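Worksheet for the structure shown next.
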2 protein chains.
Amino acid sequence: MNYTTGTGELQEWLVAEEGFRTSWLGKGETVFSLGNGYMGLRSVTEEHYANEQRNLFVAGTFNKFAQNEVTELPNAADVLWMEFILDGTRFDLTQGTILKYNRTLNLKHAELVREVTWQSPDGKVYDLVFRRFVSMADLHVIVQRVSITPRQESTLAMTSGINGQMTNSGVQHFLEGDKRLYDGRLMQQLQTTTESGIDFAFHSIHRFSLKGSFEPKSIIKMDRRQIFFDYSDIRIPAGETLTIEKYSTVFTSRDNDVMSETREELANLALNATRDIEARGYESLFNDHVKAWDDLVWSHAPITIESESMFDQLAVRFAQYHLAVMTPKHDNRMNVAAKGLSGEGYKGHTFWDTEIFILPYYTYTNPKIARSLLEYRYLSLPGAHQKAKENGYEGAMFPWESAWLDDGEVTPVWGAADIVTGEATKIWSGFIEQHITSDIAFAAWQYYHVTGDQDFMDRFGYELLIDTAKFWASRLEWNDENGQYEINQVVGPDEYKEHVDNNAFTNYTAHWNIQTAIQYVELLRREKPELYERLDEKLDLGAAEERFRHVLELIYLPQVREDGVLPQDDTYLQKEIIDLTKYKNQQNVGSMFYDYNLEQVNEIQVSKQADVMILMYLLEDLFTADVKRANWEYYEPKTLHDSSLSLSTHSVLASDLGDQELAYDLFRRASEIDLGPNMKTSDAGIHAASLGGIWQAVVNGFGGVRMTGGKLRISPMLPKAWNSLRFSINWKNETLDVHASRNQVIITRRTPTLEPLIIEVYGELREIKETFTSEVLSV
Amino acid sequence: MNYTTGTGELQEWLVAEEGFRTSWLGKGETVFSLGNGYMGLRSVTEEHYANEQRNLFVAGTFNKFAQNEVTELPNAADVLWMEFILDGTRFDLTQGTILKYNRTLNLKHAELVREVTWQSPDGKVYDLVFRRFVSMADLHVIVQRVSITPRQESTLAMTSGINGQMTNSGVQHFLEGDKRLYDGRLMQQLQTTTESGIDFAFHSIHRFSLKGSFEPKSIIKMDRRQIFFDYSDIRIPAGETLTIEKYSTVFTSRDNDVMSETREELANLALNATRDIEARGYESLFNDHVKAWDDLVWSHAPITIESESMFDQLAVRFAQYHLAVMTPKHDNRMNVAAKGLSGEGYKGHTFWDTEIFILPYYTYTNPKIARSLLEYRYLSLPGAHQKAKENGYEGAMFPWESAWLDDGEVTPVWGAADIVTGEATKIWSGFIEQHITSDIAFAAWQYYHVTGDQDFMDRFGYELLIDTAKFWASRLEWNDENGQYEINQVVGPDEYKEHVDNNAFTNYTAHWNIQTAIQYVELLRREKPELYERLDEKLDLGAAEERFRHVLELIYLPQVREDGVLPQDDTYLQKEIIDLTKYKNQQNVGSMFYDYNLEQVNEIQVSKQADVMILMYLLEDLFTADVKRANWEYYEPKTLHDSSLSLSTHSVLASDLGDQELAYDLFRRASEIDLGPNMKTSDAGIHAASLGGIWQAVVNGFGGVRMTGGKLRISPMLPKAWNSLRFSINWKNETLDVHASRNQVIITRRTPTLEPLIIEVYGELREIKETFTSEVLSV
């Protein structure tokens with residue numbers, strides 16, 4: 001384990017890095033990344049190192065470099081950039097000697113602190129402390145504070161400014177733009193994206209103090225896409241501390257909290273905001289920031305785990321931290337990206353990761369955010385209609401990868417090299433990984449039943465559910481021979497099987513989608529005639545319902561075999577079985593592709609990730625415990641967990657199957673995807689869905705929380721390592737506090753109310769007034 | 001001095017680096033850069049370091065990122081890229097211990113060799129030797145050879161391939177393109193520039209040997225703009241040597257030696273060429289390469305200096321080396337860039353640096369190349385006409401910065417920050433630094449008189465000289481009050497004086513240009529009626545001559561004052577005189593701008609570089625020795641030599657003035673611009689003009705070679721440190737060998753001929769038949 005809890009009072013809040021190695025840079029940059037949903041900042045160091053990856057992303061500011069490339073989140077200017085020359089020698093941890101090193105992310109304060117005692121190659125010693133945060137209270141603000149205490153009288157020179165030369169793996173998304181210095185101190189850089197025409201305004205200003213504030217000797221410089229100060233001749237007496245604060249702001253013309261018509265207005269507004277920020281100062285900004293985090297996350301949806309291993313508590317807080325950092329809660333035109341805002345991986349695009357892995361966290365803890373994320377899908381219906389039309393279908397066919405609302409499909413077409421042909425492999429997901437559409441429908445339905453948000457359903461939900469069902473009804477293919485509707489030539493959740501027929505997950509969830517739509521059409525006609533009429537105009541409900549009813553019973557649903565195994569698709573079970581030991585024991589995911597190309601993998605009984613198993617998690621009522629166990633035993637040994645979406649799902653299912661120790665093992669493995677000893681896993685960014693999955697492993701798994709058929713179930717079952725688990729969930733607009741220990745569970749309704757609440761606890765329906773206590777029972 | 005001669009037999013051919021420091025990276029990358037005029041390759045290491053600058057430029061492949069940015073040479077894919085994992089640890093000189101380090105550029109072989117003995121942080125020891133060259137025999141070929149000898153049994157993993165993510169300071173000039181693997185080994189990446197639509201084809205292939213050749217375990221990978229192999233599990237027994245050769249080729253659709261209509265044709269041709277290259281193997285390619293260098297440079301235009309300091313010999317060979325590396329001799333649509341092909345500085349643009357500083361080297365040693373460079377100017381006449389028209393003038397107004405032939409002016413409009421206003425400073429050179437036009441005319445005239453190349457004159461030279469004179473004749477402004485033509489609001493060579501009136505250099509060379517044009521119009525009418533007629537159609541010679549004759553006597557030429565000082569312009573001598581000691585003693589050029597902005601510098605008697613002095617070098621007949629001395633004494637103390645063009649000019653002039661020791665000092669200082677102890681001077685690229693200037697300091701300065709009024713003068717005068725100087729020059733199609741020692745000079749005509757040759761030697765005209773020997777005399 002290279003990331004551990006810190007020491008001292010807040011240790012279960014501290015993610016600490018063991019030491020400095022250049023080969024670990026990418027990992028630390030991602031794991032320690034900061035943000036506030038508006039923007040995300042990779043935690044590079046102030047000074048540069050080889051193979052570092054400096055990234056600043058602003059949610060929803062997509063751009064496309066050229067026609068044959070895909071829309072992506074552009075890497076914005078680097079405002080962290082500072083280089084220090086101490087007594088003539090560049091501060092560089094690869095040179096000289098590191099006498100002390102500590103880098104710690106304080107999750108509670110969302111602050112990154114690096115403490116270094118460095119001996120330069122010349123033998124001089126310096127204590128340096130670097131602090132920074134991206135304000136949760138003011139979404140546009142990045143603040144750094146650097147303290148330098150030389151052990152001998154020293155002279156500092158420093159370069160610091162704004163570097164707009166950033167690219168996405170070499171792709172420049174910004175025009176040259178303008179630079180200017182204001183007030184003799186305040187640097188401004190304005191840039192505009194090349195294709196989407198989004199204006200960005202970056203500002204930075206420094207403040208120096210050494211026994212009182214002062215202004216060192218400096219010269220302002222400009223280079224291509226860069227504005228920066230060269231400071232020089234800063235004398236620091238031995239043992240005294242020089243403090244440098246750098247206040248930076250980021251604004252764009254897409255911001256929904258900024259009223260600006262022109263780039264000049266935006267620039268002026270940002271300029272003045274930066275002046276205000278600097279005037280307020282570090283302490284005041286930091287206090288507001290900490291309070292905002294507490295309100296939004298820590299006191300809002302606390303999870304407390306008493307475990308043999310403090311790491312478990314840290315892991316779930318780490319997940320909550322990053323989910324808050326990556327979620328653009330401020331703007332329903334944006335969604336969560338597969339790597340959050342912490343790396344270039346997956347280009348800032350949104351996948352089913354949101355609906356199936358991340359959304360449950362928000363649905364159960366912060367419905368407002370869940371609703372905003374679902375509204376994003378509603379707002380992107382035009383793109384989904386477009387995609388359906390292009391493919392010859394009706395209704396809403398959601399893009400596998402989604403970026404700006406009206407982009408439609410943005411999945412890249414070409415991927416990794418084919419080791420056999422030498423050509424790039426075609427990525428089929430954008431064409432035929434179609435289950436995303438029912439995933440979105442399912443998430444909206446789940447949101448509605450957990451929150452009871454009728455306004456959402458009236459405005460967006462019913463339409464989403466019916467429009468997606470319309471897609472499926474048009475997508476079905478009639479098989480005359482078998483007298484059934486099939487869904488052929490798809491990719492299911494298991495992306496190691498391309499062009500398969502009747503993927504169980506796809507067929508079952510499509511069936512569910514149409515079935516649910518029928519219920520809602522009926523309900524609307526019966527109970528909400530006005531809404532029915534409005535949607536009828538849009539969706540032609542009469543014809544749609546007729547079609548739904550016609551196809552529903554004729555949709556082919558793969559059936560469980562005698563041995564309990566549900567075929568993943570029409571051919572999976574007939575494919576070759578090989579010894580997968582080597583790949584199951586792999587150090588790095590994807591090791592099988594050293595030996596096989598995708599075409600060959602396609603012909604082997606091997607899965608990338610949960611497929612049948614995730615179906616049995618989402619639509620759990622359709623399958624018995626025995627069937628679930630049989631499928632676990634069949635598929636898990638053939639699943640390489642090459643997707644980070646796989647382990648947490650398996651953990652929840654292991655909890656469901658009553659194997660808490662296996663579930664715990666899987667929870668730990670899922671937690672180690674980002675926090676574990678493999679230092680290369682997170683280079684391209686954090687594993688957003690896995691973090692949502694970690695929360696699910698705790699609350700839906702060990703906490704035993706589930707909504708089925710509109711009913712709530714809470715049946716906690718802890719692993720041996722845990723003494724107790726406390727968490728809170730939202731249920732239809734009230735908060736339930738759950739305290740599970742090894743023997744007992746206490747469920748408390750936070751707000752006193754007269755209306756009784758029915759919850760299934762360990763298989764029994766219980767009516768709860770204020771609080772309910774139960775022994776822990778095996779299910 | 002951080003660069004010294006090497007050791008051993010070839011020591012006067014070896015530029016050796018003292019040690020490895022990350023802060024020296026930029027210097028070494030430039031100083032050691034390789035190339036062949038077709039392409040230039042910065043000498044980054046195989047493995048990556050922070051703040052490195054990986055550059056590969058192909059001459060003449062200009063592209064423009066966006067409308068408001070300027071045309072520049074795009075940074076092409078990195079084929080040098082190799083990363084080594086030795087026993088699980090990344091090979092990285094900033095980690096572990098460097099037990100031995102040697103990096104040496106062998107100028108004779110144009111080969112870069114790095115020898116390292118490295119102890120990893122784990123204590124294991126490895127001997128590594130890295131060799132590479134960019135073939136002078138086959139312009140498209142880059143070859144690397146890496147030898148690894150572990151002191152213990154070791155396992156190597158390696159990543160190596162083609163990285164097309166390169167940018168110019170963040171600006172991406174290429175579309176995504178295509179990648180493919182051929183033959184299971186041969187990597188291909190095709191890219192096209194975004195605006196100019198130039199196709200690039202990159203290919204790389206590896207060859208491994210360890211007691212015989214073998215193919216290690218590998219997997220081919222593709223990422224955005226990248227194709228590369230991951231090799232693993234390469235076992236090397238203790239003390240055995242693994243050798244890896246990487247053969248890479250670069251082709252573009254602009255290549256004039258390649259016949260391809262489509263990108264596919266280009267790709268196929270390049271693919272097959274790479275297969276051939278690999279089949280030929282390292283030794284064979286290297287031998288051809290060394291021979292090509294010998295033919296082109298070392299046996300063609302040798303210079304031998306016997307000096308107290310071996311550095312002097314090295315410095316002039318270093319200059320010749322880089323001039324060969326940077327000069328696109330193969331294609332007259334291209335010219336030399338101000339930083340050669342060794343860095344992004346000045347964007348690959350061509351300045352007056354070519355004509356005034358570099359061209360004399362070629363004119364006197366390799367007229368074919370000189371002619372090609374002049375033809376470039378002739379071919380870019382359409383751009384010069386365009387620029388004249390846009391500015392309301394006639395004739396050929398050459399761009400201050402020149403890129404592709406028909407681009408016209410490409411000088412960027414905005415430069416460094418103004419420390420007073422905070423805004424970017426406007427760069428006026430592109431608008432009003434107009435002397436470039438007479439510089440080109442002068443160089444063509446010089447070329448003609450040195451080489452006697454009548455064919456050049458007939459086809460290009462007369463037209464150039466008359467067309468440029470037409471520009472000047474239209475550019476002149478009539479001053480009614482003084483009854484004279486003036487040239488107002490210009491920038492002269494001294495760029496610290498903007499918007500000056502009657503810059504002496506500009507007025508005198510414009511006058512010379514018109515005067516010379518009159519002579520040639522007369523001559524054509526008299527002696528070459530057909531050519532006269534052809535040019536008359538193009539240039540309206542009758543009207544032009546009339547205008548020339550009308551203006552010539554009325555052009556205001558600033559006159560030498562009583563004290564011998566020639567006013568640099570109308571106002572220079574009236575400006576404030578301040579104590580410049582601080583800036584004359586500066587460590588880095590441009591230090592004055594820490595205290596003053598350009599507007600303030602404009603009002604002080606301070607010069608960036610030679611201005612009046614370079615006039616007195618080019619048109620030396622117009623000024624007496626006393627006047628030259630008076631102006632030296634007035635202007636040199638006010639000249640900061642902030643341009644690298646300044647020191648070598650001053651060295652030649654000091655030689656002319658008979659102060660050989662001062663000349664030597666200036667020669668050394670000029671040599672140290674790139675090879676000296678300031679490790680930051682060359683980051684943006686080599687100082688092309690300064691290198692041409694070093695040759696001039698030797699041959700035109702100490703060698704006393706000059707063409708004036710069509711006559712040759714050879715009057716060597718060595719500094720004390722030198723015992724002898726040998727060099728060869730071209731004079732009207734024959735080669736003269738000059739051997740000067742402290743007391744005697746011997747001039748030998750290499751090819752026996754009956755026609756006598758008249759040369760001025762130490763003030764006397766001498767008729768030389770075969771050889772001529774003279775005592776060294778003071779002039």
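The figures that follow rest on heavy atoms only: side chains count, while hydrogens, waters and symmetry mates do not. Just so you know, these numbers come straight off a predicted model, no measurement behind them. Chain letters run A, B, ... following the sequence lines, proteins first, then strands; residues in each count from 1.
- If you take CG on A:Asn51 and CD on B:Glu52, they are separated by 7.5 Å, rounding to the nearest 0.5 Å.
- Residues B:Ala50 and A:His48 approach most closely at CB-O, 3.5 Å, considering heavy atoms.
- Panel note: side chain A:Gln172, backbone B:Gly170; a donor-acceptor pair is recorded below 3.5 Å.
- Between chain A and the residues B:Gly184, B:Gly422, B:Ala424, the most heavy-atom pairs under 4.5 angstrom are made by B:Gly422.
- There is no contact between B:Gln67 and chain A, counting heavy-atom distances below 4.5 Å.
- Summarising the geometry, atom CG belonging to B:Asp92 is positioned 11.5 Å from atom OH belonging to A:Tyr49; distances are rounded to the nearest 0.5 Å.
- Using a 4.5 Å cut-off between heavy atoms, B:Phe174 contacts chain A through its backbone alone, with no side-chain atom that close.
- Only the side chain of B:Glu69 comes within contact range of chain A, with at least one heavy atom under 4.5 Å from a heavy atom of that chain.
- In B:Gln600, the CD atom is crowded: over 12 heavy atoms of neighbouring residues, nucleotides or ligands sit closer than 6.0 Å.
- Between chain B and the options A:Gly415, A:Ala417, A:Gly164, A:Ser23, the largest number of non-hydrogen pairs under 4.5 Å is found for A:Ala417.
- Pairing each heavy atom of B:Thr194 with each of A:Phe65, the nearest pair is CG2-CZ, 3.8 Å.
- Of the two parts of A:Glu83, only the side chain, counted from C-beta on, holds a non-hydrogen atom closer than 4.5 Å to a non-hydrogen atom of chain B.
- When all heavy atoms are compared, the tightest approach of A:Glu176 to B:Asn68 is CB-ND2, 4.5 Å.
- Here the shortest heavy-atom pairing between B:Thr22 and A:Gln95 reads CG2-NE2, 4.2 Å.
- In this structure, the portions of B:Ser169 lying under 4.5 Å from any heavy atom of chain A include both its backbone and its side chain.
- Crowding of A:Glu264 atom CD: a count of heavy atoms from other residues, nucleotides or ligands under 6.0 Å exceeding 12.
- Contact tally against chain B (heavy-atom pairs below 4.5 Å) for A:Met166, A:Lys221, A:Gln165: the top residue is A:Gln165.
- Considering all non-hydrogen atoms of both residues, B:Arg224 and A:Val171 come closest at NH2-CG2, 3.7 Å.
- Of the atoms belonging to B:Asn168, heavy atoms from both backbone and side chain fall under 4.5 Å from chain A.
- Closest heavy-atom contact between A:Asp418 and B:Ile220: O-CG2, 4.3 Å.
- Open room surrounds OH on A:Tyr346; 12 or fewer heavy atoms of other groups in view lie less than 6.0 Å from it.
- One distance of note links NZ of A:Lys217 with OH of B:Tyr594; it measures 7.5 Å at 0.5 Å rounding.
- Within a 6.0 Å sphere centred on CZ of A:Arg180, other residues, nucleotides and ligands contribute more than 12 heavy atoms.
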